[in-house]
Every structure is written in C-alpha cells, then in structure tokens.
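Fair warning: this is a prediction, and the values are worked out from it, not measured in the lab. We use all heavy atoms of the structure for the numbers below, so side chains are in, but hydrogens, waters and symmetry mates are not. Position 1 is the first residue of the sequence, and the numbers go up from there.
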Amino acid sequence: METSLSQASILIVDDDSKSLLALQQLLQSVTQKVVVADSGEEALRCVLKQDFAVILLDARMPGVDGFETARLIRERERSRHTPIIFLTGVYEDVHSVFRGYEAGAVDYIVKPLVPEILKSKISVFVELYIKNAVLIREVADRKLAEEHLRKSEENLRALAAHLQSVREEEWTRIAREIHDELGQSLTGLKMDLTWVVNRLPGDQRVLAERMKSMFGLIDGTIQSVRKIASRLRPEVLDQLGLTAAIGWHAGDFRKRTGIRCKLSLPSDTLILDHERSTAAFRIFQELLTNVARHANATRIDVAMRVDSGALVLTVEDNGRGIAESAIEDSKSLGLLGMRERVLPFGGAIEIAGARDKGTKVRVCIPLGLK
C-alpha cells in the first residue's frame, strides 16, 4: 500500500469564504487532498462520501453550528473516531470550550491561526491516519491469507479423507479377492491332493511323504492368506462390529508379540457407522504397532466406552514412554495420520508419556458429528 501523505484528506468547515481559501492554501503543503465545506450541512454530506484524517471545524456558524455538526459526525459509525479540531475566536468563553470537547473535539485552535502550529498539529493526525490505514490493510491482507490457508487446509483434509476412503475400499476389495479366490484355489488344490493321496499304492512311501509335505505347505499358505486378508480388512469388523474387532486384534497382537493385553470393552454391541468404526479400528492398529516397535512394553491396557455422546478409546502401556518432542514432531507420520482420521468427525487424540512409566493415548470420536 502507498503510504504518502497525499493520500490523507482534510475537511475544512467554515462559513467565511476568505478563511476557507486561506486555510486551503496553507494546508496544500501538508496534503494534496483538502476538502472545503461552507456549512454544517455541507460538512455532513462530505463525511458521508469519504473518510478524513482530521476535520477543522469553525465553532460559530449560522444554521447547524460547529457543536451540532461535531455531534452528528460522532453519531455516524464511519466518522465516529475522526479527529475534530475546533477553530474559535479569542472571545470564546470556557463554557464554549467545554461544550466543544463534549461534542467530540480533540483540540482547539484560536484565531488568528499560527501557520506553524496548525501545520504541526495537522501533520500528527495525518501521520496517524496513514499508519492506521496501513495497519487496516495489513490486517485485511492477513485475514485474507488466513482464509486462503484455512481453505487450503480444508481441501487437503478433504483430499486426505477421500484418499483414506479409497484406500479402505481397495484394501477391502483385495482382502475379499485374496480370501475368496486364492483361498478357494488353495482349498481346491488341497482337495485334489487328498484325492491323489487316497489312490496311491501302499508301497509308494517316498511319494506319500512328499504329499504330506505338500499338505503342510498348503495349510501354511492358507493360514498366511487368512492373515493377510484379515490385516487388510478384518471380516470381523464388518460382520460383528468394532468391539469384536478390537478384541480380535488385541488377541492376535498378544500371540504375535507376547505382550499381555488387558481389555475393558462394552458388553453391549456398539452401533457405529462404517466410517467411525474404520477410523477407530485403524487408530487402534497403529497404536499397537507403535507399542510393538518403540515402547519395549510388557503389558497394555485397552478400554473402550461411550461417554457423553462420544466414543472414547484408551490405550496405555508400561513401556519406556514417549518423549514430548516426539508427540509434537511434524515428521511423525503415524501420529499425524491418527489425528487426521478423527478430524472429519470433530474428534481429538490426547497423548501423554512419562520416561520409563509408559504412554497413554486417549482417542475421542463424537458420535453425533459427520
């Protein structure tokens, strides 16, 4: 924004044309924008049209005098804070001076005017006006930038939520295809191999041992297929709900890691929409993965409940404890991903850790927001 003094305007109000002309010529050196009015009514019309850095107002005018004009200027929101300097004669009494201040004057200048004093006072108000204009523009620019940033964040979160949804759908599709197609093929292969084994001559011991080894390989592959499909998208989550899925995953985690799991889950089946169930389960998966990788824990306590219209999931371990710097680390993609999962629902994640005393994570997902 240009900040030259020429951008500030001064309004001079006086019913004496000679005084108007003299003041206009005097103030041209302070600012190029000098507006004159020969009555209170004309001054009010000028105030409605534009803003002024300062108003020089003759106190004694016919019709609407300076005091009434100042009062009306102060009543308008746009000009409420515009500085008003009264021009008055030496004959004015103290009562008139007080009346002027009550009407909103910030200063008095007694005629005849001293040019240096007048220009000095005007310059102060012009400089304040320009600085205020610059500040207003900076605030407006900052608000605009913040609005753009907010919209960008909203777009990024919407994109992240869409990508998560697409990814979940893809994982579900892959899990079903693996479970159905590959699982069925392996089962069919096992049945065919059983048919062959049942028709082997009794003296084909070497071949029978090879067949037995193949049975073991097929059974192991079937188990691997089931595990892969379950980790992509556990059927228990879609068929039995979040509570059963949490219990199943905690049991699987205990088998794989040897870390004891204490569960406190609601006895009643939670009825949640697909999006919230998926978000809560994926966060739970990520939390247990972090425990296995970083916590060096021997026990975790898992609690889930509905409290004040929100799903509350708490996971606490007895491991080494997460550092404060790690909680706030923007490079911690796991924590960032968990926070992004609860944002669409107006949820929050609280993480607290103490050195060698473990970490506690509390996940809250409102049930009434979408």
Side-chain angles (χ1 to χ4, degrees), residues 160 164 167-168 171 175 223-224 226-237 240-270 272 276-308 310-343 345 347-366:
Q164 285 180 354
R167 183 170 56 186
E168 288 293 339
W171 284 352
Q223 291 298 320
S224 297
R226 289 176 178 172
K227 288 181 180 179
I228 294 172
S230 294
R231 289 171 186 173
L232 284 172
R233 179 73 184 186
E235 288 184 335
V236 65
L237 179 60
L240 301 179
L242 179 62
T243 302
I246 293 291
W248 167 81
H249 188 65
D252 182 67
F253 176 81
R254 181 172 57 248
K255 292 177 182 178
R256 289 186 289 109
T257 63
I259 299 175
R260 290 176 294 140
C261 299
K262 180 182 178 182
L263 301 178
S264 177
L265 304 177
S267 56
D268 298 333
T269 302
L270 292 178
L272 300 176
R276 286 175 173 79
S277 294
T278 299
F281 182 75
R282 293 305 185 192
I283 291 172
F284 183 65
Q285 280 186 313
E286 182 67 26
L287 290 174
L288 294 197
T289 298
N290 288 342
V291 170
R293 289 178 178 175
H294 310 296
N296 194 27
T298 60
R299 190 196 77 250
I300 61 172
D301 296 328
V302 179
M304 186 171 66
R305 70 185 190 280
V306 174
D307 185 10
S308 300
L311 175 70
V312 179
L313 174 65
T314 305
V315 178
E316 185 173 6
D317 66 67
N318 65 343
R320 65 183 64 183
I322 188 172
E324 187 70 25
S325 58
I327 297 176
E328 303 299 331
D329 189 0
S330 60
K331 296 180 181 179
S332 181
L333 299 181
L335 297 180
L336 179 62
M338 288 190 291
R339 289 190 173 102
E340 288 295 326
R341 282 190 178 274
V342 301
L343 281 177
F345 313 107
I349 295 181
E350 300 173 359
I351 305 174
R355 185 179 180 84
D356 297 328
K357 293 185 179 180
T359 300
K360 182 177 181 179
V361 180
R362 183 178 182 271
V363 182
C364 181
I365 302 178

Reference residue Met304; test side-chain contact (heavy atoms from CB on, under 4.5 Å); the match among Val363, Leu311, Val315: Leu311
Below 4.5 Å, heavy atoms only, C-beta onward: do Pro266 and Thr243 meet side chain to side chain? yes
Those residues at least two apart in sequence (or on a different chain) that pass side chain to side chain contact (heavy atoms under 4.5 Å, CB included) with Ser277 are Leu237, Leu242, Leu272
Between Val361 and Ile322, is the side-chain contact (heavy atoms from CB on, under 4.5 Å) condition met? List the steps. CA-CA 10 Å; Val361 180; Ile322 188 172; over 6 Å; no
Under the salt bridge (charged side-chain N to carboxylate O under 4.0 Å, His left out) test, which residues partner Asp307, sequence neighbours left out? Arg305
Are Met338 and Leu287 side-chain neighbours, meaning at least one heavy-atom pair lies under 4.5 Å? yes
Checking Glu350 now: which residues fulfil side chain to side chain contact (heavy atoms under 4.5 Å, CB included) with it, not counting sequence neighbours? Arg362
Which pairs count as salt bridge (Lys or Arg N to Asp or Glu O under 4.0 Å) when at least one residue sits in residues 278-303, sequence neighbours excluded? Glu168-Arg282, Arg299-Asp301
From Arg256 atom CZ to His249 atom NE2, the distance as rounded to the nearest 0.5 Å: 6.0 Å
Heavy-atom nearest pair, Arg339 first then Ile349, reads N-CD1, 3.8 Å
What pair of heavy atoms forms the shortest contact from Cys364 to Val312, and how long is it? SG-CG2, 4.5 Å
CG (Asn290) and OG1 (Thr359) are apart, to the nearest 0.5 Å, by 9.5 Å
Give, for atom CD1 of Ile300 and atom OG1 of Thr314, the distance between the pair rounded to the nearest 0.5 Å. 12.5 Å
What is the minimum heavy-atom distance between Ala250 and Cys261, and which atoms define it? O-SG, 3.7 Å
Nearest heavy-atom contact between Pro366 and Gly347 is CD-CA, 3.5 Å
Listed partners of Ala352 passing side chain to side chain contact (heavy atoms under 4.5 Å, CB included), at least two apart: none
Under the side chain to side chain contact (heavy atoms under 4.5 Å, CB included) rule, collect the residues that match up with Ser224, sequence neighbours excluded. none
Check whether any side-chain N or O of Arg320 sits under 3.5 Å from a backbone N or O of His294 as a donor-acceptor pair, and report yes or no. yes
Partners meeting side chain to side chain donor-acceptor pair (under 3.5 Å) with Arg260 (sequence neighbours left out): none
Closest heavy-atom contact between Ala245 and Val236? CA-CG1, 3.8 Å
According to ring pair (Phe, Tyr, Trp, His ring centres under 6.0 Å), who are the partners of Phe253, at least two apart in sequence or on a separate chain? none
Taking the side chain as C-beta and beyond, is there a heavy-atom pair between Leu240 and Trp248 under 4.5 Å? no
Please report the interatomic distance CD1(Ile351) to CG(Leu335), rounded to the nearest 0.5 Å. 4.5 Å
As an exercise, state the distance from CZ of Arg254 to CG of Leu263, rounded to the nearest 0.5 Å. 7.0 Å
Shortest non-hydrogen contact from Val291 to Ala297? CG1-CB, 4.2 Å
Restricting to side chain to side chain donor-acceptor pair (under 3.5 Å), what partner residues turn up for Asn318, sequence neighbours left out? Thr298
